Amino acid sequence: MSGQLPEITEVPDVVGFDAREACAIVRAAGLVPYGPDYTAEPDSGIVMAQAPIANAGAECGAAVFLWAARGGYANDPGPPEKDPGKTLEPA
């Protein structure tokens, strides 16, 4: 066989990133981001899972599938916690 071996790159770890940023990171690594089952790449939400896994070797131009959760950001603290020791006073 006289063909060249394919160029291999490392799959970046983008779990926990904003979907748009994750897609940009995947593209910068020479890979192609997609949603599950080759759907369009996610454009909002936080990446909750990816395949192949981070740090795996992949042929340049290969697909990386991203599952993103909609409606929230990684640094969003969520609703404030209730203090069970405090009660409302009657008006």
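These figures come from a predicted structure and were not determined experimentally.
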If I compare all heavy atoms of Leu31 with all of Pro12, which pair ends up nearest, and what's the gap? CD1-CD, 4.0 Å
Are the side chains of Arg27 and Pro33 in touch, meaning some heavy atoms are under 4.5 Å apart? yes
Looking at side-chain heavy atoms only, is the closest gap between Glu21 and Val47 below 4.5 Å? no
Does the Gln50 side chain pair with the main chain of Pro52, one donor and one acceptor, at a distance under 3.5 Å? yes
Contact between Phe17 and Ile25 at the side-chain level, heavy atoms closer than 4.5 Å - yes or no? yes
Using a 4.5 Å cut-off on heavy atoms from C-beta on, say whether the side chain of Met48 contacts that of Ile46. yes
Indicate yes or no: at least one non-hydrogen side-chain atom of Val32 is less than 4.5 angstrom from one of Val64. no
Trp67 and Phe65 aromatic ring geometry - parallel, tilted or perpendicular at 30°/60° bounds: tilted
If we only count heavy atoms from C-beta on, is the Cys60 to Pro6 side-chain gap below 4.5 Å? no
Donor-acceptor pair, side chain of Asp18 and main chain of Arg20, under 3.5 angstrom: yes
Which heavy atom of Cys23 sits nearest a heavy atom of Pro42, and at what distance? SG-O, 3.6 Å
Closest heavy-atom pair and its distance - Leu66, Ala22: CD1-CB, 4.4 Å
Are the side chains of Ile53 and Val11 in contact, using a 4.5 Å heavy-atom criterion? no
Side-chain donor or acceptor of Thr9 paired with backbone N/O of Ala58 under 3.5 Å: no
